[in-house]
There are 2 protein chains.
Amino acid sequence: MEFPPDVYVWQAVADEIKRRIKAGQYQPRMPIPAERRMAEEFGVAVNTVRRAVAVLREEGVLMTLPAKGTFVAPIVDVEQDPSAD
Amino acid sequence: MEFPPDVYVWQAVADEIKRRIKAGQYQPRMPIPAERRMAEEFGVAVNTVRRAVAVLREEGVLMTLPAKGTFVAPIVDVEQDPSAD
DNA sequence: CTCTATTTGTACGTATGTATG
DNA sequence: TCATACATACGTACAAATAGA
């Protein structure tokens with residue numbers, strides 16, 4: 001019986017987003033998929049994606065422009081792989 | 001209906017809680033009503049109360065102990081009373 | 001300028017899990 | 001065991017801002 005799960009769903013989503021940034025799938029200054037879009041893709045609730053995005057926003061990884069979208073911050077301390085293009 | 005509401009519902013709730021603290025209805029180190037309790041009392045959703053509590057928690061006004069309750073912080077700047085030692 | 005589509009923000013409702021008493 | 005209380009999670013609806021036809 002797990003008490004606090006190893007990782008919460010929103011943590012897994014946040015981790016996946018960061019992983020994609022590292023992989024170059026989501027690049028700096030470029031928008032990431034919409035919240036509802038990712039919710040469907042990951043099979044989770046919109047609120048869960050929103051929580052993940054909120055955390056990454058506070059970490060400085062993402063930037064959100066209301067009614068425009070959420071973008072990868074120009075400079076992210078997340079390791080980036082130039083060869084992955 | 002106003003479009004950009006003067007205050008959001010969660011802001012109104014947070015304001016009401018602080019008002020009660022100022023009024024002495026909720027006192028330092030004492031628990032405030034449960035989230036669902038306040039949700040029913042204010043006629044709002046639980047999530048809305050949670051958001052209000054979360055904000056007040058970050059402001060240092062409230063302290064939450066999981067599965068125990070949410071308490072008014074021992075010292076709150078809401079009530080500036082220098083004579084209170 | 002109007003209409004529509006997209007996207008985020010706010011809000012409501014519900015269910016489950018865990019901890020406490 | 002049961003009731004209480006918070007944390008997480010899922011689902012839904014509407015409003016506002018933006019962009020494009």
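Order of the sequence lines fixes the chain letters, A, B, ..., with proteins taken first and strands second; residue numbering starts at 1 for each chain. Any value given below was found using the heavy atoms of this structure, including those in side chains, with hydrogens, waters and symmetry copies removed.
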Side chain to side chain contact (heavy atoms under 4.5 Å, CB included) with B:Val55: of B:Arg57, B:Glu59, B:Glu58, only one passes, and it is B:Glu59
Under a side-chain separation threshold of 4.5 Å, the hydrophobic residues clustered together with B:Phe71 are B:Leu65
If each end axis of the helix from C:dT2-D:dA21 to C:dG21-D:dC2 is fitted on five C1' pair positions, the angle between them, to 10 degrees, is 0°
Of D:dT12, D:dA9, D:dC6, the nucleotide closest to the side chain of B:Thr70 is D:dC6
B:Arg51 CZ to D:dA9 C1', in whole Å, measures 15 Å
When rounded to whole Å, the OH to P distance for the pair A:Tyr8 and C:dT16 reads 19 Å
Rounding to 0.5 Å, atoms CD (B:Glu16) and CD1 (B:Ile21) come to a distance of 10.5 Å
Comparing B:Thr64 with A:Trp10, nearest DNA chain D nucleotide closer to 5' gives the residue B:Thr64
Sorted by chain and residue number, the side-chain hydrogen bond (donor to acceptor under 3.5 Å, both in side chains) partners of A:Asp15 (sequence neighbours excluded) come out as A:Arg19
Rounded to whole Å, CZ of A:Phe71 lies from P of C:dT7 at a distance of 10 Å
Taken to the nearest whole Å, CG/B:Asn47 to P/C:dC12 is 9 Å
Sorted by chain and residue number, the side-chain contact (heavy atoms from CB on, under 4.5 Å) partners of A:Met30 (sequence neighbours excluded) come out as A:Gln27
In whole angstroms, the gap separating P of D:dA7 from CD of A:Gln11 amounts to 15 Å
side-chain contact (heavy atoms from CB on, under 4.5 Å) filter on A:Ala39, not counting sequence neighbours, yields A:Val46, A:Val49
Considering only heavy side-chain atoms of A:Val46, the closest of D:dT12, C:dT14, C:dT8 is D:dT12
d(B:Leu56 CG, B:Ile17 CD1) to nearest 0.5 Å is 5.5 Å
The complete set of salt bridge (charged side-chain N to carboxylate O under 4.0 Å, His left out) pairs with one or both residues in residues 33-47 of chain B, sequence neighbours excluded, reads B:Arg20-B:Glu41, B:Glu35-B:Arg50
*asked:* Check this one for me: any side-chain N or O of B:Arg50 less than 4.0 Å away from OP1 or OP2 of D:dA7?
replied: yes
Rounded to whole Å, CG of A:Leu65 lies from P of C:dT8 at a distance of 10 Å
Per the under-4.0 Å heavy-atom filter, residues of residues 31-39 of chain B near DNA chain D come out as B:Ala34, B:Glu35, B:Arg36
| Given the rule that I, L, V, M, F, W and Y join up when any side-chain heavy atoms are under 4.5 Å apart, are A:Met63 and A:Val13 in one cluster? | no
ask   = Hey, is the side chain of B:Thr48 poking within less than 4.0 Å of OP1 or OP2 on C:dT10, counting only N and O atoms?
value = no
Please list, for nucleotides 18-21 of chain D, all pairs of protein and nucleotide N/O atoms separated by less than 3.5 Å.
from, atom 1, to, atom 2, distance (Å)
D:dA19, OP1, A:Lys68, NZ, 3.1

B:Thr70 meets the side-chain hydrogen bond (donor to acceptor under 3.5 Å, both in side chains) criterion, sequence neighbours left out, with B:Thr64
When rounded to whole Å, the CG to C1' distance for the pair B:Leu62 and D:dC6 reads 14 Å
Contacts satisfying salt bridge (charged side-chain N to carboxylate O under 4.0 Å, His left out) that involve residues 60-75 of chain B (not counting sequence neighbours) are none
Minimal heavy-atom distance between B:Gly60 and B:Ala73, with the atoms involved, is O-CB, 3.2 Å
